[in-house]
A.B. asks: 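My structure is below; once you've seen it, I'll send some questions.
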Amino acid sequence: MLDVIVRERRLRWPIAAHFEATVRGQTVRAVERRAKYILIRFDTGTLILHLGMSGSLRLVKLDTTPKAHDHWDIRVDSGWILRFHDPRRFGSLHWTDTDPALHPLLAKLAAEPLSREFDGEYLYRATRKRSVAVKQFIMNSQVVVGVGNIYASEALFRAHISPRRAARRLSRKEATALAKAIKDVLGEAIKIGGTTLRDYVNADGAPGYFRQKLFVYERKGEACRVCKTAVKQFVQGQRSTYWCSTCQV
DNA sequence: ATGGGCACCTGGCTGC
DNA sequence: TGCAGCCAGGTGCCCA
């Protein structure tokens, strides 16, 4: 890496003052992921980044003029710039010189949804004694990571479970169906590039096509694809929840 | 320990 | 056409 340029330090957490000096001149050794955090490993530490709701990373040519909301650049030896763009500034950038798994943002994260560890039995065990609504429960990163607002509604639809059900009211069979639904929904969505609701595009400029596969999300008032009942919407924890009152109990 | 609510931002869409 | 109001793909933190 040749250089680091920060134009806007006010992301979700301010970028540390010594950040550029710490990272400048180092060599990228590996790129990994944990939950929705991207980990870029260098010789003396790891960069932890999150894209928030509106962030994106692009490789641009060296002389590309920065646009509004292009908050930082990492200039690499190959002559390209890794550029972070984030209109809402919900993204973040951290540096750690110890094991990133121990970083406060990562230390308490639960299982990866697509891992073998996350299965029906794991979810069933986790739901015991939890009175919170199951939709909020599966969006809790201390239960399972990676389940955002769209996929929470979709997974519950596929598992035929009402989003309002108390987590502890799930049977072992339902927990198993829900764990499978979470894996299926995320796996399928990833395969076709995610869900483009408005303007999201991937690094090549292509939208995600999972929107066409949504059963309930943003379909309020439209006919359920299974039973034709009008899809309902309400708010849980300040987030919109969509569901079919006929298919989900 | 758990659950609920708030916070951080800008931009795009809706409806008057 | 202009503009106010509302809503949004996330998630950590504070408080009861």
Side-chain angles (χ1 to χ4, degrees), chain A residues 7-15 33-38 48-57 66-72 84-94 96 100 102-110 112-113 125-156 163-169 182 185-186 188-203 206-221 233-242:
Chain A
R7 293 181 206 84
E8 174 59 80
R9 313 195 85 85
R10 296 171 303 164
L11 300 185
R12 181 164 186 202
W13 291 279
I15 297 176
R33 176 195 62 78
R34 174 73 172 106
K36 293 180 185 171
Y37 291 94
I38 298 168
I48 301 171
L49 35 129
H50 198 292
L51 302 179
M53 284 169 71
S54 58
S56 62
L57 280 176
K67 297 192 189 68
H69 312 303
D70 284 344
H71 303 315
W72 53 258
F84 179 73
H85 175 85
D86 185 11
R88 278 179 78 180
R89 287 199 265 129
F90 279 16
S92 61
L93 176 61
H94 290 268
T96 177
L102 304 177
H103 190 278
L105 291 174
L106 306 186
K108 289 193 290 180
L109 295 177
E112 291 285 337
R125 292 271 157 240
T127 53
R128 297 307 85 185
K129 299 183 182 172
R130 298 297 298 271
S131 60
V132 71
V134 62
K135 193 234 183 184
Q136 285 159 281
F137 183 76
I138 60 173
M139 290 178 69
N140 181 344
S141 65
Q142 293 186 46
V143 171
V144 58
V145 301
V147 182
N149 200 40
I150 296 177
Y151 303 120
S153 284
E154 292 298 310
L156 286 163
R164 285 192 237 250
R165 285 267 292 284
R168 65 178 177 204
R169 301 289 179 214
I182 289 170
V185 164
L186 291 177
E188 289 170 33
I190 289 167
K191 213 172 198 173
I192 58 176
T195 307
T196 294
L197 294 174
R198 286 157 195 90
D199 53 7
Y200 164 77
V201 289
N202 70 13
Y209 294 102
F210 197 72
R211 187 177 196 178
Q212 299 161 29
K213 311 267 185 186
L214 296 175
F215 282 96
V216 288
Y217 192 83
E218 279 205 335
R219 297 196 64 241
K220 180 181 182 179
Q233 178 265 344
F234 68 104
V235 174
Q236 284 179 298
Q238 299 89 239
R239 315 304 303 251
S240 265
T241 298
Y242 297 82

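Residue numbers begin at 1 in each chain, while the letters A, B, ... track the order of the sequences. The analysis underlying the following values was restricted to heavy atoms, covering all of them including side chains, and did not include hydrogens, waters or symmetry mates.
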A.B. asks: Take the protein atom CG of A/Leu214 and the nucleotide atom C1' of C/dA8, then report the distance between them rounded to whole Å.
C.D. replies: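 It is 15 Å, rounded to the nearest whole Å.
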
A.B. asks: Rounded to the nearest Å, what distance is computed from the CE atom of residue A/Met53 to the C1' atom of nucleotide B/dC9?
C.D. replies: 10 Å

A.B. asks: Quick one: which of B/dG4, B/dT2, C/dG10 gets closest to the side chain of A/Gln136?
C.D. replies: B/dG4

A.B. asks: For the base of C/dT11, is there a side-chain donor-acceptor partner from A/Arg12 under 3.5 Å away?
C.D. replies: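 Answer yes: a donor N or O sits under 3.5 Å from an acceptor.
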
A.B. asks: Show, in sequence, the C-alpha distance, side-chain angles and deciding distance for A/His69 and A/Asp86, and conclude whether the side chain to side chain donor-acceptor pair (under 3.5 Å) test is met.
C.D. replies: CA-CA 6 Å; A/His69 312 303; A/Asp86 185 11; over 6 Å; no

A.B. asks: In whole Å, what is the span from the NE2 atom of A/His69 to the P atom of B/dC9?
C.D. replies: 13 Å

A.B. asks: Watson-Crick or G-U wobble partner for B/dC9, using a 3.5 Å limit on both distances?
C.D. replies: none

A.B. asks: Could you check how far CD1 of A/Ile150 sits from P of C/dC7, rounded to whole Å?
C.D. replies: 17 Å

A.B. asks: The side chain of A/Arg239 lies closest to which of these nucleotides: C/dT11, B/dC9, B/dC6?
C.D. replies: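 Comparing C/dT11, B/dC9, B/dC6 against the side chain of A/Arg239, the answer is C/dT11.
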
A.B. asks: Of the options B/dT2, C/dT11, B/dG5, whose atoms approach the side-chain atoms of A/Lys36 most closely?
C.D. replies: C/dT11

A.B. asks: Please work out if A/Ser141 contacts a base, only the sugar-phosphate, or nothing of the nucleic acid, heavy-atom cut-off 4.0 Å.
C.D. replies: sugar-phosphate

A.B. asks: Could you state the CZ-C1' distance from A/Phe84 to B/dT10, rounded to the nearest angstrom?
C.D. replies: 13 Å

A.B. asks: Between P on B/dG4 and CZ on A/Arg164, what's the gap in Å once rounded to a whole number?
C.D. replies: 14 Å

A.B. asks: Which nucleotide wins on minimum distance to the side chain of A/Arg130, given the candidates C/dA8, B/dG3, C/dG12?
C.D. replies: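 Closest nucleotide to the A/Arg130 side chain: B/dG3.
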
A.B. asks: Verify the contact: side-chain N or O of A/Tyr37 to OP1 or OP2 of C/dG12, cut-off strictly under 4.0 Å; return yes or no.
C.D. replies: yes

A.B. asks: Is there a donor-acceptor contact under 3.5 Å from the side chain of A/Glu8 to the main chain of A/Trp72?
C.D. replies: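 No.
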
A.B. asks: In terms of side-chain geometry, is the basic nitrogen of A/Lys213 or A/Glu154 positioned less than 4.0 Å from the acidic oxygen of its partner?
C.D. replies: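 No.
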
A.B. asks: A/Ser54 side chain N/O closer than 4.0 Å to the phosphate oxygens (OP1, OP2) of B/dC9?
C.D. replies: no

A.B. asks: Could you tell me the separation between the CG atom of A/Leu197 and the P atom of B/dC13, rounded to a whole number of Å?
C.D. replies: 12 Å

A.B. asks: Any base atoms under 4.0 Å from A/Leu51, or only sugar-phosphate, or nothing? Heavy atoms, all strands.
C.D. replies: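 Result for A/Leu51 = nothing.
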
A.B. asks: If you measure from the ring centre of A/Phe90 to the centre of the six-membered ring in the base of B/dC8, is it under 5.5 Å, with the planes under 30° apart?
C.D. replies: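 Stacked: centres under 5.5 Å apart, planes under 30°.
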
A.B. asks: For A/Arg88, is there any backbone N or O sitting under 3.5 Å from a side-chain donor or acceptor partner on A/Ser54?
C.D. replies: yes

A.B. asks: Is it the case that B/dC9 (base atoms only) and A/Arg89 (side chain only) share a donor and an acceptor within less than 3.5 Å, ignoring hydrogens and angles?
C.D. replies: no

